[in-house]
Amino acid sequence: MNSTVSAGRPVLALLLVLSLTHAVIDLTSGAIVALLPAMREAYSLSYAMVGLIPLFANLTSTFTQPVFGIISDRSEMRWLLPLSVALGGLGLAAVGYVSNYWLVLAAVVISALGSAAFHPEGAHAAHNLAGERRALAMAIYSVGGNLGYALGPGFAAALIAAFGLRGTGLAALLPLALAAFLIWLLPRWRAHEQEAAARKREQAEPGETNWRGTVLITLVVILRSIIHLGMTTYVPFFWIDVLGNAPATAGLVQTTYLLAGVLGTLLGAPLADRFGTKPVLIASFALLLPVQAVLASLRGWPLLIGLFAAGFLVVSTFTTTLVMTQEYMPRSLGLASGLNLGLAFGMGGVGTSVLGIVADHFGVLVVMRCIASLVLPALLLTLALPPVRLDRA
């Protein structure tokens, strides 16, 4: 590992390791959601009991991430990186081996705690390794999570098909191996971060928290999260119930949307580094507005193309909003990441639950229109964002 921090360049090798860790963490999160039908059958659960499983995971991650963010700001603890990935894998593995429903919830909470511990610490580490290319560094960090979450359902399906629900035990192998590698790597990691910190001390001291910007960007992330989670949750039902397609093909639309987001993350970061985070965020929502508005009226291949465009534009903003939140809170990078990746994203999950009530009463087509209506307020809030302290690399 002979990376160096020089001339403001990011430490690419460590960022790639961080991205891989993010991928494995979010792979376990995506897999747990995909295991719900198998858990319902194995443990004879009602729909209400099934619904509590993702709710517990979501609430655990939502309200503990800001706490881990504060801890990260006060004392950077890189040992949380191997611990968190190990917890994520062990929690997923335990789902197939416990004896009752309450132990299932406990296993899910353990996995969610691993995810909650990782995200603020990982985003803080990515910022320290970024040099001047902050958006690029956050994109490398984020794309692993996007890809891992997109592959999680397929990973879980493969395990169940081959080994049944107890196949989740094999899911712990990769996280534990990666945790061991991270423990071995930590001394070198600290050396690189100390070198980066020494360079930052030569620059200007970080400014105070911009609370107006922090509140506005958090509201933007909440709206964006409802749009993103709403699409990934209800587009398959739109495909099946409204358009009359076979249930077996529903995974196609979800995969199209999620994989487009991976590409959006990679391409959006260089634009943010070149033109500034706020202009790129405004452009993303402005382009999303007409795309999201027409999606509910599209069919067949035009719909898949529209979903690809929507996924590209929505997920491309993930890196931009994370960088902007950190710029608004330069003295509290871990808390900024916890607010952005935890609390705001979790509130998006609450909004998605409300959309489920709308779907029960008015149908999935109305839900698609509700999601489209959220793009405009997100764009208006983005226009009102104050400029960040450093908007060009």
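Every value quoted in this text rests on a predicted model; they were computed, and no experiment measured them.
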Nearest atoms (heavy-atom pairs only) where [X] meets [Y]:
{"X": "Leu385", "Y": "Leu281", "value": "CD1-CD2, 3.9 Å"}
{"X": "Thr214", "Y": "Thr218", "value": "O-OG1, 2.7 Å"}
{"X": "Lys278", "Y": "Leu383", "value": "NZ-O, 3.3 Å"}
{"X": "Thr21", "Y": "Leu178", "value": "CA-CD2, 3.6 Å"}
{"X": "Leu355", "Y": "Gly230", "value": "CD1-CA, 4.2 Å"}
{"X": "Val108", "Y": "Ala57", "value": "CG1-CB, 3.5 Å"}

Would you give the length of the straight line joining atom [atom1] of [X] to atom [atom2] of [Y], rounded to the nearest 0.5 angstrom?
{"X": "Ile371", "Y": "Tyr234", "atom1": "CD1", "atom2": "OH", "value": "8.0 Å"}
{"X": "Leu243", "Y": "Leu298", "atom1": "CG", "atom2": "CG", "value": "9.5 Å"}
{"X": "Leu380", "Y": "Leu219", "atom1": "CG", "atom2": "CG", "value": "12.5 Å"}
{"X": "Ile217", "Y": "Met324", "atom1": "CD1", "atom2": "CE", "value": "4.5 Å"}

Neighbour count >12 (heavy atoms, 6.0 Å) for atom CZ, Phe237: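 It does not: Phe237 CZ has 12 such atoms or fewer within range.
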
Check whether any side-chain heavy atom of [X] sits under 4.5 Å from a side-chain heavy atom of [Y], and report yes or no.
{"X": "Thr325", "Y": "Tyr328", "result": "no"}
{"X": "Val17", "Y": "Phe181", "result": "yes"}
{"X": "Leu147", "Y": "Leu259", "result": "yes"}
{"X": "Phe285", "Y": "Val220", "result": "yes"}
{"X": "Val262", "Y": "Val315", "result": "no"}
{"X": "Asn210", "Y": "Pro386", "result": "yes"}
{"X": "Leu379", "Y": "Leu288", "result": "no"}
{"X": "Leu18", "Y": "Leu81", "result": "yes"}

Determine yes or no for a side-chain-to-main-chain donor-acceptor pair under 3.5 angstrom, with [X] supplying the side chain and [Y] the backbone.
{"X": "Asp26", "Y": "Gly148", "value": "no"}
{"X": "Ser316", "Y": "Gly264", "value": "no"}
{"X": "His22", "Y": "Tyr141", "value": "yes"}
{"X": "Ser19", "Y": "Leu16", "value": "no"}

Verdict with supporting geometry, Ile240 and Asn245, side chain to side chain contact (heavy atoms under 4.5 Å, CB included): CA-CA 5 Å; Ile240 296 167; Asn245 293 299; 5.7 Å; no

Partners meeting ring pair (Phe, Tyr, Trp, His ring centres under 6.0 Å) with Tyr257 (sequence neighbours left out):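 His228.
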
Without placing hydrogens or testing angles, list every side-chain donor-acceptor pair under 3.5 Å for residues 304-313, not counting sequence neighbours.
none

Side chain to side chain contact (heavy atoms under 4.5 Å, CB included) partners of [X], counting only residues at least two apart:
{"X": "Leu223", "value": "Leu374, Pro377, Ala378, Leu381"}
{"X": "Ala296", "value": "Leu365, Met368"}
{"X": "Ala107", "value": "Ala94, Val95"}
{"X": "Ser84", "value": "Ile25, Ala117, Phe118"}

Using the side chain to side chain donor-acceptor pair (under 3.5 Å) criterion, which residues pair with [X]? Sequence neighbours excluded.
{"X": "Ser115", "answer": "His119"}
{"X": "Thr382", "answer": "none"}
{"X": "Thr317", "answer": "Arg224"}

Verdict with supporting geometry, Val253 and Phe238, side chain to side chain contact (heavy atoms under 4.5 Å, CB included): CA-CA 10 Å; Val253 294; Phe238 174 76; over 6 Å; no

Listed once per pair and sorted, the side chain to side chain donor-acceptor pair (under 3.5 Å) pairs that draw on residues 279-305, sequence neighbours left out: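 The answer is none; no pair qualifies.
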
Show me, pair by pair, the donor-acceptor contacts under 3.5 angstrom made by side chains of residues 160-174, not counting sequence neighbours?
{"residue": "Thr168", "atom": "OG1", "partner": "Ala93", "partner atom": "O", "Å": "3.0"}
{"residue": "Thr168", "atom": "OG1", "partner": "Gly96", "partner atom": "N", "Å": "3.2"}
{"residue": "Thr168", "atom": "OG1", "partner": "Leu165", "partner atom": "O", "Å": "3.2"}

Side-chain cluster (under 4.5 Å, hydrophobic types only) that Leu90 belongs to, other residues: Leu176

